[in-house]
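Single-structure report; data block below.
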Amino acid sequence: MRNQTTAVVAVLLGLAALANGVFMLLYPQQWYWSVPGVPDRGFYNQHFLRDIGMLYMLIGGAFSYGAFYARYRFQLWLFPALWLSSHALFHFWEVLVGICGPIFLLIDFAGVTLPALVALGLCWQAKKAETDA
């Protein structure tokens, strides 16, 4: 049951990352203006958004692929989880140094911090399943 729950959560996280990446790649300007907090942090740069969109698509593929192939889950999920976590920590740093206010931690939570926490939880579950086997 735990393995199935882990796989379902990974597929959901993977699909969300993949959809976000496709949106960023195909419609960078619409993405820029529709995601809360993004325009407050810097100027629009379609090249940069498309670069990150491709990264999100890879993250989505890694989580989705790992959901179906348990043998390589930890390896597939570790680096996407580290990137998502680094991204979340970067947002905390922006608040700490005064680039933006603490309200942005709430604004960003669903799109930045929560995916990082879920990804780290998935890695923990994958590593635990490896050691239990």
Side-chain angles (χ1 to χ4, degrees):
M1 181 65 179
R2 185 177 63 189
N3 192 33
Q4 289 177 328
T5 303
T6 299
V8 168
V9 171
V11 167
L12 293 175
L13 181 62
L15 289 175
L18 186 63
N20 187 49
V22 169
F23 188 24
M24 292 176 83
L25 189 65
L26 296 179
Y27 306 103
Q29 193 165 15
Q30 290 85 347
W31 185 92
Y32 177 83
W33 290 109
S34 64
V35 177
V38 172
D40 299 313
R41 289 224 169 77
F43 297 106
Y44 170 74
N45 181 328
Q46 64 87 21
H47 177 91
F48 184 65
L49 290 176
R50 286 190 165 121
D51 282 347
I52 296 173
M54 287 184 268
L55 181 59
Y56 269 103
M57 290 171 63
L58 290 172
I59 289 170
F63 277 105
S64 299
Y65 189 79
F68 296 103
Y69 296 97
R71 184 174 179 183
Y72 301 110
R73 273 185 183 163
F74 183 73
Q75 293 86 349
L76 284 166
W77 294 349
L78 179 61
F79 287 102
L82 290 175
W83 188 86
L84 290 170
S85 300
S86 298
H87 182 213
L89 289 173
F90 179 69
H91 281 238
F92 278 87
W93 176 82
E94 286 184 320
V95 171
L96 288 174
V97 299
I99 292 173
C100 55
I103 189 67
F104 282 94
L105 294 177
L106 290 175
I107 293 169
D108 298 341
F109 184 79
V112 177
T113 307
L114 183 60
L117 293 172
V118 170
L120 290 174
L122 288 170
C123 283
W124 181 75
Q125 286 293 328
K127 191 64 178 174
K128 189 170 188 283
E130 274 183 14
T131 55
D132 290 347

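Residue numbers count from 1 along this sequence.
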Side-chain contact, heavy-atom cut-off 4.5 Å: Val118 with Phe63? no
Is there a side-chain contact (heavy atoms from CB on, under 4.5 Å) between Glu94 and Asp108 once you walk through the steps? CA-CA 12 Å; Glu94 286 184 320; Asp108 298 341; 5.5 Å; no
Quick one: are His87 and Leu55 in side-chain contact, heavy atoms under 4.5 Å? no
If hydrophobic clusters are built by linking Ile, Leu, Val, Met, Phe, Trp and Tyr wherever their side-chain heavy atoms come under 4.5 Å apart, do Trp33 and Val112 end up in the same one? no
Can you classify the ring geometry of Phe90 versus Trp93 as parallel (below 30°), tilted (30 to 60°) or perpendicular (above 60°)? parallel
To the closest 0.5 Å, what do you measure between CG (Leu89) and CZ (Phe92)? 7.5 Å
Knowing that exactly one of Leu96, Ile107, Val95 qualifies, which makes a side-chain contact (heavy atoms from CB on, under 4.5 Å) with Pro102? Val95
Quick one, Tyr56 and Trp83 - any side-chain contact, counting heavy atoms below 4.5 Å? yes
What I'd like to find out is whether the side chain of Gln29 reaches to under 4.5 Å of the side chain of Tyr44, using heavy atoms alone. yes
Please determine whether residues Leu84 and Phe109 belong to a single hydrophobic cluster, defined as Ile, Leu, Val, Met, Phe, Trp and Tyr linked transitively by side-chain heavy-atom distances below 4.5 Å. yes
In this structure, CG of Leu82 is separated from CG of Leu120 (nearest 0.5 Å) by 7.5 Å
To the nearest 0.5 Å, tell me how far Glu130 CD sits from Tyr72 OH. 11.0 Å
With a 6.0 Å cut-off (strictly less than), is the heavy-atom count around OH of Tyr27, excluding the residue itself, greater than 12? no
Hydrophobic cluster membership, Val97 vs Leu105, 4.5 Å side-chain cutoff: no
Please find the pair of heavy atoms, one from Thr113 and one from Ala88, that lie closest to each other, and give the distance. CA-CB, 4.1 Å
In Å, rounded to the nearest 0.5 Å, how long is the span from CH2 of Trp77 to CD of Gln125? 9.0 Å
Do the side chains of Phe48 and Val35 join up, straight or via other hydrophobic residues, at under 4.5 Å, putting them in one cluster? yes
Between Ala62 and Leu76 the two heavy atoms that sit nearest each other are CB-O, 3.5 Å
Which atoms form the tightest heavy-atom contact between Phe74 and Cys123, and what is the distance? CD1-O, 3.6 Å
Rounded to the nearest 0.5 Å, how far apart are NE2 of His91 and CZ of Arg41? 5.0 Å
Should we count OH of Tyr32 as having more than 12 external heavy atoms under 6.0 Å? yes
Using 0.5 Å steps for rounding, measure from the CG atom of Leu18 to the CG atom of Leu58. 9.5 Å
For the pair Asp40 and Cys100, evaluate side-chain contact (heavy atoms from CB on, under 4.5 Å) and give the outcome as yes or no after the intermediate values. CA-CA 8 Å; Asp40 299 313; Cys100 55; over 6 Å; no
Mind listing the closest non-hydrogen atom pair of Leu26 and Arg50 along with its distance? O-NH2, 4.1 Å
Could you tell me whether the side chain of Arg73 and the main chain of Ala67 form a donor-acceptor pair under 3.5 Å? yes
Any side-chain heavy atom of Leu13 sitting closer than 4.5 Å to one from Pro115? yes
Side chains of Met24 and Ile52: closer than 4.5 Å at any heavy-atom pair? yes
Do Val38 and Trp31 touch side chain to side chain, with heavy atoms closer than 4.5 Å? yes
Tell me, do Met54 and Asp51 make a side-chain contact under 4.5 Å, heavy atoms counted? yes
Can you see which heavy atom on Ser64 is nearest to which on Val11, and at what distance? OG-O, 4.3 Å
